Amino acid sequence: YPTGQPFWASASQMRVDLNEVRATVDPNKEFVTLDQMVLVGHSMGGLVSRLQTVDSGDAFWRILSDRPFDELDAASNIKNEIRDVLFFKANPSVKRVVTIGTPHRGSSFANNFTRWLAHRVIRLPDIVSGNRLKQIRNRDEIFKNKEILATKTSIDSLSPGSPFLAELLNRKSAPWVQLHNIVGNVEKRQYFGIAGELKPTNSDGIVATESSTFDTAVSSIEVNARHQDIQSQPKTILEVRRILLEHITDIRQAKAAHQLRLGTNQSQQRDLSGNRAQQA
């Protein structure tokens, strides 16, 4: 996805892409393994992945407006674009998500200077730019908060004060999803970074450890690495491998249990048929 665009726009596109892939490679939904997907997302990719696992309800729309969505006065294509971003269901085929150095609570790196710089160098298509807001005829009446639709870059969207981030943090993933977390916590020497004892900095240099920690994760580890390097560290790779092997084991155990239940039911049916035959 374009790394410069807001993560909620990328999540909307990913929902479309996942559906198109499934429709192309398995139109009849015959391959059950495609219902056991694991998404692994680094940095903003973790937010894009998490948005595949939650039901929006009208929570994200309520950030913008207290009025019903149907009252939005705009061309149908614009209404559809906004609806696709703000209203969605959890993907039933995604069973696990691994987030790596993900700013669940935003990043202080998204400050005034970096946001100004991003506006200067990032150019986005109209679908996620402020031009869409101008094409909503009753925008002044319907919106109480235009920030989401006016957000133009990924750095804007990762501000710690983003209401979209706060709402996503509060949304529970679907009950069939397990979340795993890998957090960066780079160590530096305590005196100017060149002398003294090595100590954790509670950050990966971009995202604070507190921000990248997700409370409901079933597993969480810290890796001594910078934000841009954490995904390639041996400890990270081994943890992702462990999670994938655990996922395979769980699938096999569930399959074996299902076959056992199926065999038990068939045996009971045979016994019942035999008893009826004897009675007859």
Side-chain angles (χ1 to χ4, degrees), residues 1-18 39 41-65 69 72 74 77-91 97 99-136 139 142-171 206-208 211-212 214 227-228:
Y1 56 86
T3 56
Q5 73 181 13
F7 67 85
W8 50 79
S10 297
S12 177
Q13 185 59 52
M14 188 175 186
R15 281 188 286 274
V16 174
D17 292 343
L18 286 175
L39 301 182
H42 169 251
S43 191
M44 191 172 70
L47 300 175
V48 174
S49 298
R50 264 217 74 219
L51 277 168
Q52 310 306 311
T53 71
V54 300
D55 288 345
S56 67
D58 65 353
F60 295 112
W61 169 250
R62 290 301 177 189
I63 295 173
L64 278 74
S65 177
F69 178 80
L72 193 69
N77 63 316
I78 296 176
K79 290 187 70 171
N80 289 337
E81 290 169 4
I82 296 173
R83 181 186 291 108
D84 290 344
V85 170
L86 298 178
F87 296 91
F88 46 86
K89 291 284 189 179
N91 188 327
V97 170
T99 60
I100 304 174
T102 294
H104 296 290
R105 296 170 180 82
S107 172
S108 59
F109 183 76
N111 54 45
N112 289 338
F113 172 73
T114 56
R115 293 170 77 174
W116 171 84
L117 183 63
H119 285 210
R120 300 284 292 181
V121 301
I122 295 174
R123 293 292 180 268
L124 297 172
D126 281 347
I127 188 171
V128 291
S129 75
N131 290 336
R132 280 295 183 258
L133 185 59
K134 298 175 183 177
Q135 297 179 54
I136 299 171
R139 57 185 179 275
I142 200 167
F143 291 128
K144 63 178 182 181
N145 183 350
K146 302 188 184 80
E147 180 179 346
I148 296 295
L149 291 179
T151 299
K152 294 183 178 181
T153 71
S154 59
I155 295 179
D156 287 336
S157 72
L158 297 177
S159 168
S162 166
F164 204 109
L165 264 179
E167 187 57 49
L168 175 58
L169 189 65
N170 291 329
R171 306 300 292 178
I206 298 294
V207 181
S211 178
S212 57
F214 199 76
H227 184 75
Q228 61 268 35

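The analysis underlying the following values was restricted to heavy atoms, covering all of them including side chains, and did not include hydrogens, waters or symmetry mates. Only a predicted model underlies this, so the values are computations on that prediction, with no experimental measurement involved.
Ser10 places none of its side-chain heavy atoms less than 4.5 Å from the side chain of Gln13. With a 4.5 Å cut-off on side-chain heavy atoms, Trp8 and Leu47 do not count as touching. Residues Phe69 and Leu86 fail the side-chain proximity criterion, which asks for heavy atoms closer than 4.5 Å. At least one side-chain heavy atom of Met14 sits less than 4.5 Å from a side-chain heavy atom of Leu39. Leu51 is not listed as a side-chain neighbour of Val48, based on a closest heavy-atom distance of 4.5 Å or more.
Ring geometry, Phe7 versus Phe164: the interplanar angle exceeds 60°, so the pair is classed perpendicular (tilted spans 30 to 60°).
Not a single donor-acceptor pair under 3.5 Å links the side chain of Ser65 to the backbone N or O of Phe143. In this structure, the side chain of Thr53 engages the main chain of Arg50 through a donor-acceptor pair within 3.5 Å.
Residue Asn80 holds its CG atom at 12.0 Å from CZ of Phe87, rounded to the nearest 0.5 Å. Annotation: the span from Met44 atom CE to Ser49 atom OG amounts to 10.5 Å, rounded to 0.5 Å. Distance CD1/Ile82 to CH2/Trp61: 7.0 Å, rounded to 0.5 Å. Separation of atoms CD1 (Ile100) and NE2 (His227) is listed at 10.5 Å; rounding is to 0.5 Å. Interatomic distance, Leu168 CG to Arg171 CZ, rounded to the nearest 0.5 Å: 9.5 Å. Put simply, NE2 on His42 and OG1 on Thr102 are 7.5 Å apart, with the number rounded to the nearest 0.5 Å.
When all heavy atoms of Ala74 and Gln135 are compared, the closest pair comes out as CB-O, 4.0 Å. A pairwise comparison of heavy atoms in Ile63 and Lys144 identifies O-CE, 3.5 Å as the closest pair.
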